[in-house]
> 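I'd like to ask some things about the structure below.
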Amino acid sequence: MNRPTLVLLAALLVAIPLSLVAGRASIFALDDARALLIVLELRLPRALLAVSVGAGLGAAGAAMQGYLRNPLADPGLFGIAPGAALGAVLSFSFGYAASGWLLPIFALAGAGGAMALLALMAGRGGGIALFTLAGLMIASLAGALTSLVISLAPNPWALSEIVTWLMGALTDRSWADVALAAPLALAGIAVLARAAPALDALTLGEDAARSMGVDMDSLLALLVVGVGLTIGSGVAVAGIIGFVGLMVPHMVRPFTDRRPSSLIVPSALGGGLLVLVADGVLRMLPLVSELRLGIALSLIGAPFFLWLLLRYRRSGALGLT
Amino acid sequence: MLVARKLTLDERLRGVDTQVRSGQVTAICGPNGAGKSTLIRLFAGVLSPSYGEVLLDGERTADIHPRVRARALGYLPQEPQIAWDLSVRNLVSLGRLAHGDTHAEPVEAALEAMDLHDFAQRPVSTLSGGERARALLARVLAGEPRFILADEPFASLDLGYQSALARHLRAQASEHGRGVVVVVHDLSLAHNLADRVILLNEGALHAEGAPADALSPGNLRDVFGIEARWLGDLGAQVLAVRK
């Protein structure tokens with residue numbers, strides 16, 4: 001375990017109990033039974049879900065940046081998140097979302113569809129550039145189809161449900177969501193960690209990696225499955241939460257030795273911490289309705305991204321030596 | 001011994017039969033588009049031939065597990081970019097990847113061999129071109145390969161660094177018994193560095209043998225379309241080209 005891993009793990013272990021006290025209703029002002037109910041049935045699953053979703057996004061972002069050898073890569077580039085969103089939106093449109101399990105299952109099916117399409121397009125020996133282009137096209141196709149479904153929404157309630165859900169949030173989630181998302185995210189992170197040594201080899205380019213015994217097709221398969229599990233499960237329970245996958249690896253990288261393999265686990269922990277803290281802060285803000293997590297993180301994320309671009313411009317190299 | 005048998009890849013390389021030996025420096029020469037990089041990449045297993053095969057001690061490299069093959073054949077790509085600003089030591093230890101260990105000893109030996117000990121903790125972005133070239137070669141050496149396959153390692157180096165790198169490669173062949181294969185554009189450098197030269201033209205083998213034979217004025221006229229002759233001077237060969 002490297003130092004960033006330890007520090008972030010410790011921070012997470014402090015932040016989770018703190019998040020249980022965070023919220024409009026002060027649990028210290030309530031009687032024990034009601035306080036326990038709020039903590040056990042609302043805040044604890046919500047905290048664990050925040051960590052699970054954020055960890056998946058962070059790990060997927062770190063792996064994607066390693067794979068594309070580009071610090072500006074984001075897991076959204078694979079088209080898996082838009083695919084999952086399309087699945088979820090379809091379930092709203094069919095009116096299935098009321099049943100607790102169908103929405104996430106539709107979202108996972110959407111993620112799986114995007115993954116299958118990616119594998120089909122980029123196939124064997126397709127190379128990284130073809131793969132990225134295929135991912136971008138799948139993302140815009142899924143985005144267009146999502147817009148189509150929204151525009152064809154059967155009634156205004158479905159429309160409003162879809163739009164609100166797409167903004168991403170962790171409000172009113174239950175243990176069922178945790179039971180669905182956490183194991184999948186964990187499995188995805190484990191798959192991405194397995195790809196880590198090959199990502200290190202890729203530091204020197206595709207040719208060098210191949211000559212070092214890396215099978216590029218298996219690496220791609222590991223990445224698609226890992227990103228599919230982490231991002232698909234995240235979108236299934238929390239909607240679209242952007243920028244975490246882009247931001248977290250950047251925040252963590254300076255504290256590591258900059259090898260892609262050193263980045264995956266700390267990015268997972270950092271992502272979990274960021275989403276947990278952001279969600280905790282949001283629900284304490286004195287607003288009439290809670291600010292949606294997805295919007296808030298994009299509000300922080302986009303300026304961060306601009307700052308990043310400026311910094312790279314000043315250093316004269318777009319993140320590459 | 002690394003043997004190419006009827007090695008073919010599309011139009012880039014057509015039926016090349018040749019071999020490179022341990023303990024020798026072999027230079028691959030030829031004009032642009034002759035198939036030099038294609039040949040060395042096929043040797044390294046980075047590309048797969050459309051016909052023919054590469055044999056390592058009689059075994060088809062295509063049948064060897066990629067990681068086992070990677071331990072025997074160390075490949076240094078042309079102008080490799082380094083995506084992340086690793087420390088020199090971490091860059092060099094990437095050479096151990098195919099071995100699945102972070103065995104410190106070969107990494108330290110490689111740093112030592114390339115005079116990089118003082119730089120070990122430095123980020124690669126702070127290195128000069130020549131130091132970078134040494135660090136990248138050290139990465140290959142850390143894998144303790146039996147063959148070093150380097151694609152134009154001299155391309156971006158000034159004369160001082162070129163001769164230093166040539167000395168290092170020479171030592172790998174003569175002192176450590178490794179087979180060294182380099183793609184070289186500079187024919188004088190090839191002549192002085194190599195024990196054997198493989199001269200390619202338009203995807204086919206034009207000549208091979210000792211530098212003086214493979215790079216004879218006749219061959220140079222056929223392949224490069226130049227009139228030139230070798231001037232022996234201070235034990236080194238310089239190519240004089242008539243305008």
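For clarity, every value in this text was computed on a predicted model and none was experimentally measured.
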> Measure A/D207 against the heavy atoms of chain B and call it side chain, backbone, both or neither at under 4.5 Å.
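For A/D207, the contact with chain B is made by backbone and side chain together.
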> Any heavy-atom pair between the side chains of A/P260 and A/T203 that's under 4.5 Å?
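Yes; the side chains approach each other to less than 4.5 Å.
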> Let me know if B/L47 has heavy atoms under 4.5 Å from chain A in its side chain, its backbone, both or neither.
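Neither; nothing under 4.5 Å.
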> Give the minimum heavy-atom separation between A/G66 and A/L202, together with the two atoms involved.
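Scanning both residues, the minimum pair turns out to be O-CD2, 4.2 Å.
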> Counting heavy-atom pairs closer than 4.5 Å to chain A, which one of B/N90, B/V140, B/L149, B/L97 comes out on top?
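The residue among B/N90, B/V140, B/L149, B/L97 with the greatest pair count is B/N90.
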> Heavy-atom count check: over 12 atoms from other residues, nucleotides or ligands less than 6.0 Å from A/R194 CZ?
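12 or below, so no.
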> Of all heavy-atom pairs between B/P153 and B/L157, which one has the smallest distance, and what is that distance?
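Nearest pair, atom of B/P153 first, then B/L157: O-CD1, 3.6 Å.
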> Side chain, backbone, both or neither: which part of B/L76 has a heavy atom under 4.5 Å from chain A?
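Contact with chain A: none, neither part.
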> Less than 4.5 Å to any heavy atom of chain A: does that hold for the side chain of B/R71, its backbone, both, or neither?
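When you check distances to chain A, no heavy atom of B/R71 falls under 4.5 Å.
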> Report which part of A/E206 has an atom under 4.5 Å of a heavy atom belonging to chain B: side chain, backbone, both, or neither.
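Contact with chain B: none, neither part.
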> Give, as side chain, backbone, both or neither, the part of B/L86 having an atom under 4.5 angstrom from any heavy atom of chain A.
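Both backbone and side chain.
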> Looking only at non-hydrogen atoms, find the nearest pair between B/F147 and B/L2 and report the distance.
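So the minimum-distance heavy-atom pair works out to CZ-N, 3.8 Å.
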> Over all heavy atoms of both residues, which pair between B/N201 and B/P31 is shortest? Give the atoms and the distance, please.
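Taking B/N201 first and B/P31 second, the nearest heavy atoms are OD1-CG, 3.6 Å.
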